[in-house]
Amino acid sequence: MNVRLWNLSTRDNLNLYVFVGVLVIVGAIFGALLVNALTLEQQQELADEIGVYMTAVKESQQISSSATFWEIFWFYGKWLLLMWFLGLSVIGLPLVLVLDFLKGVLIGFAVALLAQQLAWKGVLFFLIATAPQNAIVVPALVIASISASRFAFFVVRERLFRRKGQLMPPFLAHTAVTGLMLVMLAIASLYEAFVTPIVLEHVTPTVKSAEISSDSSKF
C-alpha cells in the first residue's frame, strides 16, 4: 500500500479537515441556540444542576481519581470505537459525521448555558473545566473521523468500483490511527480526572459567589 494513500496530513486532506471542522463549528452554534429554545423551567432545572455540580466539587477529594479516570476514558473510548466501527462498515460513515456534529452541539450548549447563568465567569469556568481536555479530545475525534472517511472512500473506490487493491493495509492503518487517538484520549482523561478537580477547587468558590450575587440581585 502506498504510504501517501493513508496520509492524514492537513495539507493533503484539507477539504476533509475543513468539512469536519465546519461541521463541529456548526454543531457548536446549533448547541448554543438550543439554550435559547429552553423554557424558563428547563433553564432553572439546569441552573440547579450546575449549582449541585459546583457544590460537589468541594467534596471531590472523596471520589477516587482512578475510578473517575476509567469512567471518563471508557466514555471517550466508546465514542472513538464507534467511529472506528462505522468507518469499517462504510455505510455507517454518515453517522461518523453525525457524531462530529453532536460533539460540537455538546460544547456549544455547555458554553452558552454557563454564559447565560454565570456571565463571563461561566465562560471562564468552562475554559478551566473542559477546554484543556477538549483541546485534545476534539482533534483526536476529528482525526479519527477523517481516518474512518478515508477507509470508507478506499473501500468504495478501490474495492467496489475498481475491483483492486488490498483491504488489509488500509484496515491496519485505520486501526493504528484509532489506537493512537485512543492514547490521546487517555491523556485527556488523565488530565480531566487528576488535574481538573484540583483546579476547580480553587475556581469554583469564586464562580459560586458570583452566582449567589447574581441571584440576590434579582430580588
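Counting begins at 1 with the first residue of the sequence. If you're wondering where the values come from, they're calculated on a predicted model, not measured in any experiment.
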Are [X] and [Y] grouped together when hydrophobic residues (ILVMFWY) are joined by side-chain heavy atoms under 4.5 angstrom apart?
| X | Y | result |
| --- | --- | --- |
| Val90 | Leu167 | yes |
| Leu88 | Leu172 | yes |
| Ile25 | Leu14 | no |
| Val20 | Ile29 | no |
| Ile187 | Leu81 | no |

Within a strict 4.5 Å, meaning less than it, do heavy atoms of the [X] and [Y] side chains meet?
| X | Y | value |
| --- | --- | --- |
| Ile72 | Gln133 | no |
| Phe153 | Leu93 | yes |
| Val105 | Leu34 | yes |
| Lys103 | Asn134 | yes |
| Phe109 | Leu38 | yes |
| Asn36 | Gln116 | yes |

The residue among Tyr76, Trp74, Trp70 that forms side-chain contact (heavy atoms from CB on, under 4.5 Å) with Ser189 is Tyr76
Distance in Å, [X] [atom1] paired with [Y] [atom2], rounded so as to fall on 0.5 Å steps:
| X | Y | atom1 | atom2 | value |
| --- | --- | --- | --- | --- |
| Leu80 | Ile143 | CG | CD1 | 11.0 Å |
| Leu102 | Leu97 | CG | CG | 12.5 Å |
| Phe73 | Leu185 | CZ | CG | 7.0 Å |
| Met83 | Asp100 | CE | CG | 4.0 Å |
| Ile198 | Ser65 | CD1 | OG | 7.5 Å |
| Phe101 | Ser145 | CZ | OG | 14.5 Å |

I'd like to know if the side chain of Ser89 reaches the main chain of Leu86, judged simply by a donor and an acceptor atom lying under 3.5 Å from each other, with no hydrogens or angles considered. yes
Look at atom CZ of Phe85 and say whether more than 12 heavy atoms of other residues, nucleotides or ligands are closer to it than 6.0 Å.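 Incorrect, the count does not exceed 12.
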- request: Might you confirm whether atom CZ of Phe30 has over 12 heavy atoms from other residues, nucleotides or ligands at distances under 6.0 Å?
  value: no
- Just say parallel, tilted or perpendicular for the rings of Phe151 and His174, cut-offs at 30° and 60°.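 Because their plane-to-plane angle is under 30°, the rings of Phe151 and His174 count as parallel.
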Report task. Give the ring-plane orientation class for Phe75 versus Trp79, where under 30° counts as parallel, over 60° as perpendicular and anything between as tilted. Result -> perpendicular
Of all the heavy-atom pairs spanning [X] and [Y], show the shortest one and how long it is.
| X | Y | result |
| --- | --- | --- |
| Leu182 | Gly77 | CD1-CA, 4.1 Å |
| Ala148 | Gly87 | CB-CA, 3.7 Å |
| Ala32 | Ala112 | CA-CB, 3.6 Å |
| Trp84 | Thr178 | CD1-OG1, 3.2 Å |

Let's go through Val138 and Ile107 carefully: what are the C-alpha distance in whole Å and the side-chain angles of both, what is the deciding distance for side chain to side chain contact (heavy atoms under 4.5 Å, CB included) to 0.1 Å, and is it a yes or a no? CA-CA 10 Å; Val138 174; Ile107 294 175; 3.7 Å; yes
Check against side chain to side chain contact (heavy atoms under 4.5 Å, CB included), Leu141 and Leu99 | CA-CA 9 Å; Leu141 294 179; Leu99 290 176; over 6 Å; no
